[in-house]
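Right, I'll just put the structure down here and ask away after.
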Amino acid sequence: MNVKKLFKGPFIWIIVVVVLIGAALATLTGGGQSKIDTSEALTLLKNDQVVSAKVFGSEGRVDMVLKNDYTTADGTKAGKDVQFYFGAYRAPTLVAAIDNAGLKSFDDQPASNNFWSSILSLLIPMVLIGLIFWFLFARMQGGGSKVMQFGKSKAKLITKDHPQVTFNDVAGADEAVEELHEIKEFLQDPGKFAAVGAKIPKGVLLYGPPGTGKTLLARAVAGESGVPFYSISGSDFVEMFVGVGASRVRDLFEQAKTNSPAIIFVDEIDAVGRHRGAGIGGGNDEREQTLNQLLVEMDGFDVKTNVILIAATNRPDVLDPALLRPGRFDRQISVDAPDRLGREQILKVHAKGKPMAPGVDLNAVAKKTPGYTGADLANVLNEAALLTARSNAQLIDDRALDESIDRVMAGPQKRTRVMKELERKITAYHEGGHALVAAAMHNTAPVTKITILPRGRALGYTMVVPEDDKYSVTRNELLDNMAYAMGGRVAEEIVFHDPSTGASNDIEKATGTARAMVTQYGMSERVGAVKLGTGGGEPFLGASAGHDRDYSESVAAIVDAEVRKLIDQAHDDAYAVLIENRDVLDRLALELLERETLNQAEIAAIFSDLRRPAQREVWLSKATRPVSDVPPVITDKERRDALAAGEPLPDSLSPQEQLAGAHLQGDVDAPGRSPGIDLGQGGGEQLPGRR
Ligand SMILES: Nc1ncnc2c1ncn2[C@@H]1O[C@H](COP(=O)(O)OP(=O)(O)OP(=O)(O)O)[C@@H](O)[C@H]1O
Ligand SMILES: [Zn+2]
């Protein structure tokens, strides 16, 4: 049990109760014994173990102990220096009598003689704490849900309600809404799906920055399908009492199942769902138990359960992979900050019931608020309404809106997210450069999405998605992808003559690819098909990490030169495309600045008159030849001429022979793979989602 936990939840109440009871007991037992300096006025009534005394005629029981081993006999008057200690019981009349007599009393504790009563005063609170723990645990094991009525109220932990919000209340998140439609249909009529044996996702993970409407979306699913909505926050699970997290999960699912169809919503799932063993100090048993219980419950779902678990997080990266496995949160929906159109729609939703001055243009507000989330925008309108009311005006006008935009922007966490105008422009050209090169090259996957909205640490991104899963990549594909990677940087050079640091990641990737082409894939002319260096199995990313050189300085120099040549080529390829299509690039950047996100169809429209470079020439592998001994390639014509002249064939291979030779030497037992390319796992992953 950690200290933090002690001060949260019901524990604090236990402490309060114990202290109160302790205090009450202390008063009763007369815990603060006074010792009394007696005089002749006091008469002892019993010998040795004195149990009662008489002071000026007032009699009362006193647990008296005599100092200095002074023994008295029955009825003997005590000497002046005798001190008496009141023990467990203090007779009021006696005390009053002592006071009246003007006898002195001291507040210090008796040295040793009150041993038993001091033990007792320690023991009582401890026994009480023990009792309370026992009581709580007993209740917990039984009916879990009742436990939390103690201290933190149950209502705060698990809430159940029937949300009235619908998808109409969620704006600018069309993709997410679309994905959730299926869940809604299932919850509305589970029987229909069960009848055809359809497998419905058990868990849906909504991930994205705070305030983008994840909770709202989950509630809307419940509202749309008219099912109860159970919600709890992951951090509540974790803050709870030891051993409660797991039983809480059990209880939550129990409740939902008895009221199914239902939705369980777990906000901040990362609090429980963090990678196991990744906690500070080597893991948190309590959290892990809770997570395990969650997994157990999810695995226990069957076709008839009719409960959908929706979870939200803004840290999908820290989640335990076990949570994301098929059959758990296998549906993952990204909920991003809205683009300009989305912001306008959100503003419209929240402008309902707020009278706007004529001429107020929400589109203009949307334009001024790049990077604002739904929550920010709701806040902007609310602030504007507050300002308006405060100034006794009836209609919300532009001035109020502008002021509230500034206020919300100044909110602590938001300032950094709102991009400056120049930065936006650079990002638009950078992403535009990527997209344009990708579209122009012949061996790149189609561009499906471009955005200049910040996402994670990226200022924007361009997404290309290959049509099929790819297990191998050809040399031309690698070259084109390198050109695509360089496209962002080159666009910055062309347009601003002053490249930014934003391309560092692209350069790193392109360099990694080039190095891998030279040292692993056998794709450079001067080096040939030799694996150079240890480690560096990382496909595409090259041998940068853990790469130990096992070749000579002179070969290293060749490798560096070859890598540089490939990078230069990628740069030049991108440059040629962008210069050739400068007008398209400008148009694309303008559209991006205006709309922030472009989808596949919009991109295709802009690229309709793209001028594309010629196909790459056939590259001839000198695969099997040693580095120093690469014979000149002879052309078919030279070959034919030699044959016709009856000369012996030159010591070289024809292009066809070379290709055939390379093929035979290729990775024969890995069908579908290109010869000589060892891609390792995850080979296709670099293509989509590159920034
Ligand atoms: N897309 C949206 N459309 C309309 N309103 C929105 C939208 N996104 C957010 N809001 C407003 O912002 C409020 C907060 O959003 P919500 O709590 O759903 O965000 P969240 O993503 O769950 O955030 P967190 O990660 O902080 O929990 C909502 O109640 C709603 O008023
Ligand atoms: Zn880039």
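Computed from heavy atoms alone, side chains included, the values below leave out hydrogens, waters and symmetry copies.
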Could you grab the distance from atom CD1 of Ile346 to atom CG of Leu362, nearest 0.5 Å is fine?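 Nearest 0.5 Å value for the CD1-CG distance: 12.0 Å.
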Considering non-hydrogen atoms only, spot the tightest contact between Ala570 and Met486 and give its length.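 Between these two residues, the closest heavy atoms are CB-CG, 3.9 Å.
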I want to check something: taking the side chain as every heavy atom from C-beta on, are Ile450 and Leu588 in contact at a cut-off of under 4.5 Å?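 Yes. Closest side-chain heavy atoms under 4.5 Å.
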Heavy-atom closest pair, residues Ile396 and Ala384: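 The pair with the smallest heavy-atom distance is CG2-CB, 3.8 Å.
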Looking at Val365, Ile405, Leu347, Asn379, which one forms a side chain to side chain contact (heavy atoms under 4.5 Å, CB included) with Tyr372?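 So, applying the side chain to side chain contact (heavy atoms under 4.5 Å, CB included) to Tyr372 and each of Val365, Ile405, Leu347, Asn379, only Ile405 qualifies.
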Give every donor-acceptor pair under 3.5 Å between a side-chain atom in residues 165-182 and any protein atom, sequence neighbours left out.
unit_1 : atom_1 : unit_2 : atom_2 : d
Thr166 : OG1    : Asn168 : N      : 3.2
Asp169 : OD2    : Thr166 : N      : 2.8
Glu182 : OE1    : Arg331 : NH1    : 2.8

Is it true that the side chains of Glu493 and His571 contain a donor and an acceptor less than 3.5 Å apart?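 Glu493 vs His571: donor-acceptor pair found between side chains.
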From Glu403 atom CD to Ser391 atom OG, the distance as rounded to the nearest 0.5 Å: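 Atom-to-atom, Glu403:CD and Ser391:OG are 9.0 Å apart.
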Counting C-beta onward and ignoring hydrogens, is there a side-chain heavy-atom pair between Tyr429 and Glu492 closer than 4.5 Å?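 They are not in contact (no side-chain heavy atoms under 4.5 Å apart), so the answer is no.
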Is there a side-chain contact between Leu387 and Arg390 in this structure, where contact means two heavy atoms from C-beta onward sitting under 4.5 Å apart?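 Of all side-chain heavy-atom pairs linking Arg390 with Leu387, at least one is under 4.5 Å.
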Pair Asp270-Thr313, side-chain donor/acceptor within less than 3.5 Å: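 Result is yes, a qualifying pair exists.
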Search all heavy atoms of Ala428 against all heavy atoms of Ile452 and return the closest pair with its distance.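 Smallest heavy-atom distance, with atoms named: CA-CG2, 3.6 Å.
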Give me the one residue out of Asn599, Thr427, Asp336, Thr597 that meets side chain to side chain donor-acceptor pair (under 3.5 Å) with Thr451.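 Of Asn599, Thr427, Asp336, Thr597, side chain to side chain donor-acceptor pair (under 3.5 Å) with Thr451 is met by Thr597 alone.
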Does one side chain, of Asn476 or Thr474, offer a donor that lies under 3.5 Å from an acceptor on the other?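 Short answer, no.
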About how many Å separate CE of Met482 and CD1 of Ile507, when rounded to the nearest 0.5 Å?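 Taking CD1 in Ile507 and CE in Met482, the distance rounds to 11.5 Å.
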Looking at Arg582, I want to see if its CZ is surrounded by more than 12 non-hydrogen atoms of other residues, nucleotides or ligands under 6.0 Å.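 Atom CZ in Arg582 is crowded, with more than 12 foreign heavy atoms closer than 6.0 Å.
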So, for Glu580 and Asp583, which heavy atoms are closest and what is the spacing to 0.1 Å?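 Smallest interatomic distance, heavy atoms only, reads O-OD1, 4.3 Å.
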His442: ring pair (Phe, Tyr, Trp, His ring centres under 6.0 Å) partners, not counting sequence neighbours: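 His442: no ring pair (Phe, Tyr, Trp, His ring centres under 6.0 Å) contacts found.
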Test item: Asp376 and Thr369 side chains (from C-beta on) under 4.5 Å apart, heavy atoms: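 Not touching, per the 4.5 Å side-chain cut-off.
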Stepwise, does the salt bridge (Lys or Arg N to Asp or Glu O under 4.0 Å) test hold for Lys367 with Glu344? CA-CA 8 Å; Lys367 244 182 204 158; Glu344 188 182 343; over 6 Å; no
Counting C-beta onward and ignoring hydrogens, is there a side-chain heavy-atom pair between Met356 and Asp397 closer than 4.5 Å?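 Not touching, per the 4.5 Å side-chain cut-off.
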Whether the side chain of Asn481 engages the backbone of Glu477 through a donor-acceptor N/O pair (distance < 3.5 Å, no angle test) should be reported.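 At least one qualifying donor-acceptor pair exists.
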Give, for atom CG of Leu217 and atom CZ of Phe265, the distance between the pair rounded to the nearest 0.5 Å.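 Spacing of CG (Leu217) from CZ (Phe265) equals 9.0 Å.
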Are a donor atom and an acceptor atom from the side chains of His430 and Asp506 found within less than 3.5 Å of each other?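 Yes.
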Which atoms form the tightest heavy-atom contact between Gly208 and Asn314, and what is the distance?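 Smallest heavy-atom distance, with atoms named: O-CB, 3.0 Å.
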Side-chain donor-acceptor pair present, Glu268, Ser233, cut-off under 3.5 Å: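 Result is yes, a qualifying pair exists.
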Determine yes or no for a side-chain-to-main-chain donor-acceptor pair under 3.5 angstrom, with Arg340 supplying the side chain and Glu594 the backbone.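 Answer holds: yes.
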Please check if the side chain of Gln332 supplies one atom and the backbone of Phe329 the other of a donor-acceptor pair under 3.5 Å.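 Pair found, side chain donor or acceptor close to backbone of Phe329.
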When you check the side-chain N and O atoms of Glu562 and Ser524, is any donor under 3.5 Å from an acceptor?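 The answer is yes; a qualifying pair exists.
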Any non-hydrogen side-chain atom of Lys449 less than 4.5 Å from a side-chain atom of Leu598?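 Of all side-chain heavy-atom pairs linking Leu598 with Lys449, none is under 4.5 Å.
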If the threshold is 4.0 Å, N to carboxylate O, is there a salt bridge linking Asp480 and Arg616?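 Here Asp480 pairs with Arg616 in a salt bridge, since their nearest N and O are under 4.0 Å apart.
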What pair of heavy atoms forms the shortest contact from Ala312 to Lys214, and how long is it?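 Distance-wise, the nearest heavy atoms are CB-CB, 3.9 Å.
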Do Pro613 and Asp573 have side chains that approach each other closer than 4.5 Å (heavy atoms only, starting at C-beta)?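 They are not in side-chain contact.
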